[in-house]
There are 2 protein chains.
Amino acid sequence: MEDWHCEVGNVSRLSAGDWAKAALEALAKGGLAAVAVEPIAVRLGTTKGSFYWHFRNRRALVEAALALWEQDTEKVIAALNEIADPARRMCALLENAMADPVDAAISFRLISAADDPGIAEIARRVSERRLAFMQAALEEMGTPPDLARRRVVVGYGSYLGVAALRRLGASDEPLTDFIDQVMAGLALPPS
Amino acid sequence: MEDWHCEVGNVSRLSAGDWAKAALEALAKGGLAAVAVEPIAVRLGTTKGSFYWHFRNRRALVEAALALWEQDTEKVIAALNEIADPARRMCALLENAMADPVDAAISFRLISAADDPGIAEIARRVSERRLAFMQAALEEMGTPPDLARRRVVVGYGSYLGVAALRRLGASDEPLTDFIDQVMAGLALPPS
DNA sequence: AGTCTTCCATACGCAGGCGTATGGTAGTTC
DNA sequence: GAACTACCATACGCCTGCGTATGGAAGACT
């Protein structure tokens with residue numbers, strides 16, 4: 001799992017991680033169809049020859065990209081867990097999330113492509129992870145697990161949907177309004 | 001605009017509307033990439049020759065399919081407007097919407113493909129129409145326009161996001177929970 | 001009956017993406 | 001310094017989709 005971008009002389013050698021990173025960017029920018037070997041090779045200034053040395057096929061590249069995405073979620077969660085107060089933690093989460101249209105774009109691409117069971121499974125796992133993180137915060141504040149779960153599904157759903165509307169240009173309402181409403185829905189004090 | 005599926009003898013002739021309908025189904029089922037002339041021709045039991053008589057190119061087919069989708073929204077709105085009581089109207093809307101995963105799937109496909117300005121524009125227009133319909137109901141109940149708008153954005157967003165989570169298999173919570181929460185967020189009495 | 005219009009089938013060329021085969025280059029190892 | 005490995009470039013065949021060109025069938029018109 002330890003792969004490095006290695007640079008020798010003025011010739012740079014690519015790692016599988018470089019390919020995965022570029023693939024994730026392509027996914028966010030152009031959708032699953034844009035995760036195509038030759039265009040990404042051009043973007044990386046190399047050729048297919050490099051790719052098929054590092055990966056078995058295109059599917060493996062997609063999976064590597066999504067693994068990267070999954071790790072990003074873990075990083076964000078780890079960072080937010082530094083915030084002791086659960087209410088402030090959730091508020092920071094919302095602000096954080098709404099400020100990251102790239103992650104939202106990836107989510108939409110995957111939701112759209114959820115007819116592919118492999119894609120759906122990863123998207124489901126990441127969603128589940130995020131929901132669990134939010135639910136834990138509510139439980140910390142004394143909300144019973146079942147109620148917390150139901151509230152968190154709508155809370156995270158609100159984020160997804162409102163981010164989608166902003167992506168479409170169908171909503172330019174200020175973020176504070178949105179955050180206040182979601183916090184209220186989660187039965188948390190406003191920031 | 002009057003085109004008919006016409007059947008003469010045992011040979012059926014296709015109309016542009018038949019193509020648009022099939023294209024919309026393909027969009028829902030397989031995404032924008034699945035709106036491809038030849039596969040749809042096979043599905044309709046015909047060939048490209050038919051298609052390029054009815055349409056200028058693939059883009060025109062996509063637009064026709066989305067026009068059909070836009071009309072569906074209008075039909076639903078017209079039907080719901082038969083319900084006099086705004087609160088019950090909104091409740092019926094939510095039940096109606098959550099029972100239609102195909103429409104939701106189309107929404108997700110378009111949100112994902114919103115990097116295409118043409119796609120984004122239609123999706124935005126339809127979203128705006130739905131938001132306006134909901135906002136009108138809230139205003140009927142005395143909510144000031146600005147507040148109604150903000151609530152409705154989160155309400156419709158919640159629908160989109162929760163439908164997405166259900167699509168992923170990340171939520172199997174009962175619909176009544178969701179509906180109650182959204183109705184509460186809209187400051188409407190529960191059903 | 002012959003022409004005209006409408007609608008469709010077939011065949012073609014082109015482009016782009018996937019995966020493979022094969023050779024080459026630059027370090028590493030002994 | 002020679003073999004060896006790791007990494008990459010090039011070239012190829014295949015498939016699928018787009019759009020066009022052209023001919024054919026079947027009813028309508030006169």
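Proteins come first, then strands; the chains are lettered A, B, ... in the order of their sequence lines, and each starts at number 1.
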**Student:** Tell me: OH of A/Tyr52 to C1' of D/dC8, nearest whole Å?
**Tutor:**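 So the OH-C1' distance, A/Tyr52 to D/dC8, works out to 15 Å.
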**Student:** For A/Leu44 and D/dA9, give me the distance from atom CG to atom P, rounded to whole Å.
**Tutor:** 11 Å
**Student:** Is the CZ atom of B/Arg88 crowded by more than 12 outside heavy atoms at less than 6.0 Å?
**Tutor:**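 Check fails, neighbour count at 12 or below.
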**Student:** Take the protein atom CZ of B/Phe55 and the nucleotide atom C1' of C/dC7, then report the distance between them rounded to whole Å.
**Tutor:** 14 Å
**Student:** Linking I/L/V/M/F/W/Y whenever their side-chain heavy atoms sit closer than 4.5 Å, directly or via other members, would B/Leu165 and A/Ile119 fall into one cluster?
**Tutor:**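 Per the 4.5 Å side-chain linkage, B/Leu165 and A/Ile119 are not co-clustered.
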**Student:** Between P on D/dT22 and CH2 on B/Trp53, what's the gap in Å once rounded to a whole number?
**Tutor:** 19 Å
**Student:** Please report the distance, rounded to the nearest Å, between CZ in A/Phe51 and P in D/dC7.
**Tutor:** 15 Å
**Student:** Return whichever of A/Ala33 or B/Trp19 has its heavy-atom-nearest nucleotide of DNA chain C closer to the 5' end.
**Tutor:**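 Result: B/Trp19.
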**Student:** In terms of the nearest nucleotide of DNA chain C, which residue is placed more toward the 5' end: A/Glu38 or A/Arg56?
**Tutor:** A/Glu38
**Student:** Between A/Ser50 and B/Arg58, just flag the one whose closest nucleotide in DNA chain D comes earlier from the 5' side.
**Tutor:** A/Ser50
**Student:** Near A/Arg125 CZ, under 6.0 Å, is it more than 12 heavy atoms from other residues, nucleotides or ligands?
**Tutor:**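 Counting other residues, nucleotides and ligands, CZ of A/Arg125 exceeds 12 neighbours.
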**Student:** Does D/dA6 have its OP1 or OP2 closer than 4.0 Å to a side-chain nitrogen or oxygen of A/His54?
**Tutor:** no
**Student:** Which value, rounded to the nearest 0.5 Å, describes the distance between B/Ile77 atom CD1 and B/Lys75 atom NZ?
**Tutor:**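 Answer for the CD1-NZ pair, B/Ile77 versus B/Lys75, is 13.0 Å.
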**Student:** In whole angstrom, give the distance that lies between atom CZ of B/Arg59 and atom P of D/dC18.
**Tutor:**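 Whole-Å distance recorded here is 14 Å.
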**Student:** Of the options D/dC8, C/dC8, D/dG17, whose atoms approach the side-chain atoms of A/Thr46 most closely?
**Tutor:**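 Between D/dC8, C/dC8, D/dG17, the one nearest the side chain of A/Thr46 would be D/dC8.
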